[in-house]
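Beneath this line is the structure, given in structure tokens, with notes to follow.
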Amino acid sequence: MTITPPPISDTDIKAVRKYTEDVFAEALEKLSGLVSIPGIAWGAFDASELYRSADAVAGLLRKTEVFETVEILRSPTPQGPMGAPAVVATRKARNSRPTVLLYAHHDVQPPGADELWESEPFKTEIRNGRMYGRGAADDKAGVIAHIFAIRALRELTQNDFDLGLVVFIEGEEEAGSPSFANFLAEYKTKLQSDVIIVADSGNWSTEVPAITTTLRGLVSLEFEVRTLDHAVHSGMYGGAVPDAMLALTKILGSMWDENGEVSISDLISSDLVNLEYSEDQLREDSGLLGSTQPLGVGGILGRIWTKPALTLIGLDYPSVAMSSNTLVPSVRAKLSLRIAPGQVPSDALEALQAHILANNPMGAEIVFGAVELGKPFSLGESGWAKDLASRALNSAYGFESVDIGIGGSIPFIADLEAVFPGVQVLVTGVEDPDSRAHSPNESLDIETLRKAIIAQTLILLGGNQLQL
Ligand SMILES: [Zn+2]
């Protein structure tokens with residue numbers, strides 16, 4: 001059965017705008033309060049700040065007075081130590097309404113070098129319509145957008161709503177979510193939902209909203225190439241005996257075609273992105289040198305979002321300072337392969353290994369080593385939640401929402417999909433191309449926060465009218 005969300009009424013839009021206007025100064029103040037707590041989930045930083053940060057978030061959630069439970073929870077990491085504190089709030093659905101899980105994270109990246117900041121990292125400052133501070137965008141504005149949308153839902157329904165809510169504010173996303181898989185397993189029942197809205201990504205611009213519908217996955221592979229059983233003098237054997245690096249370069253040379261596209265067979269690749277991104281823009285954003293040609297063919301965003309990309313990221317070989325006139329017998333290399341949405345990581349690994357073995361013209365010995373696999377993500381085409389979210393974004397921003405991709409991964413999305421198969425995961429966010437998340441002078445476009453609260457509230461109001 002297809003469920004069609006009801007259209008968003010003008011009355012609702014007006015009421016949500018009005019409510020957001022009334023509380024917006026408070027939303028910014030609460031955001032500043034969260035930014036002032038430097039909760040960083042890396043071993044070298046004071047873990048007590050993460051507890052202060054979780055407490056502050058839990059306090060804001062309790063004050064909405066809509067939840068049956070608000071708890072601070074932890075799970076152990078696979079290595080043993082406890083993970084960072086997450087905040088989970090729940091309210092059960094009534095009358096066959098859906099349950100929406102709202103995800104964001106309250107931990108932040110370290111500030112980096114102080115002198116690179118124009119204002120203090122943990123004291124917000126507003127300049128030219130942007131709020132500066134570590135976490136102002138990534139992802140404390142996501143936390144605030146969720147909380148103020150819930151407050152708006154409560155206000156506009158007099159707290160008489162049937163939609164089920166789960167709020168899950170993670171505390172270690174920037175540290176790679178080490179206890180996330182265990183956390184999901186342990187608290188699966190609490191987190192059970194029909195739709196997951198992740199507020200930890202960004203929009204196409206401050207004007208044009210977006211839903212992130214694809215993420216590439218990752219396969220990394222270490223391997224060793226050997227041609228000799230010991231090093232020998234290049235003056236005695238050079239010219240007749242191949243060194244390991246020569247054999248490796250032959251293998252590497254076979255992995256890209258003349259256009260710079262990855263030429264490993266059996267890898268999924270598509271070119272479905274229809275947003276424009278020019279070569280000039282690519283050159284400016286990436287710092288590509290004038291004489292260097294970009295890689296690949298077709299639309300540039302397709303090359304970054306929906307096609308594979310292969311990079312040699314590590315090499316164990318004598319450094320220039322330690323070099324001597326020797327035929328080096330072995331070399332160890334690490335390849336990183338970004339895989340397209342839809343690709344099964346273990347299939348891509350097999351294809352990569354098969355390619356290496358089949359394109360080894362010097363007949364070197366190949367020994368495969370450590371492997372890392374990360375699943376890509378692709379939001380299914382259909383689903384009421386995507387329809388509802390697109391409409392809400394259109395209304396709130398006044399521009400048609402676009403589907404965007406990310407060339408990298410968000411590892412916890414794969415964990416969510418594994419534990420909750422079939423659940424629609426809507427990846428949204430408040431960042432824009434100038435947000436500089438993770439860098440000095442991180443900032444939030446203030447109007448984007450206002451529009452994000454409005455859009456999120458419209459999604460919740462729409463969901464509250466849906467019967468599953
Ligand atoms: Zn984030």
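Worth knowing before you read on, the calculation uses all heavy atoms, side chains too, and leaves out hydrogens, waters and symmetry mates. Both ligands and their constituent atoms are indexed starting at 1 by order of listing.
Restricting Asp138 to its N/O/S atoms, the shortest distance to the Zn ion (ligand 1) is reached by OD1.
Between the Zn ion (ligand 1) and Glu174 there is no N/O/S contact shorter than 2.8 Å. Taking 2.8 Å as the threshold, Asp200 counts as a candidate ligand of the Zn ion (ligand 1), since one of its N, O or S atoms lies below it.
Look at Arg436 and Glu431 and you find no salt bridge, because none of the NZ, NE, NH1 or NH2 atoms lies under 4.0 Å from a carboxylate O.
Ring to ring, Phe412 and Tyr103 are close: their centroids are under 6.0 angstrom apart.
In summary, the side chains of Arg127 and Ser443 do not present any donor paired with an acceptor at a separation below 3.5 Å, with no hydrogens or angles considered. Counting only N and O atoms by type, the side chains of Ser179 and Glu172 include a donor and acceptor under 3.5 Å apart.
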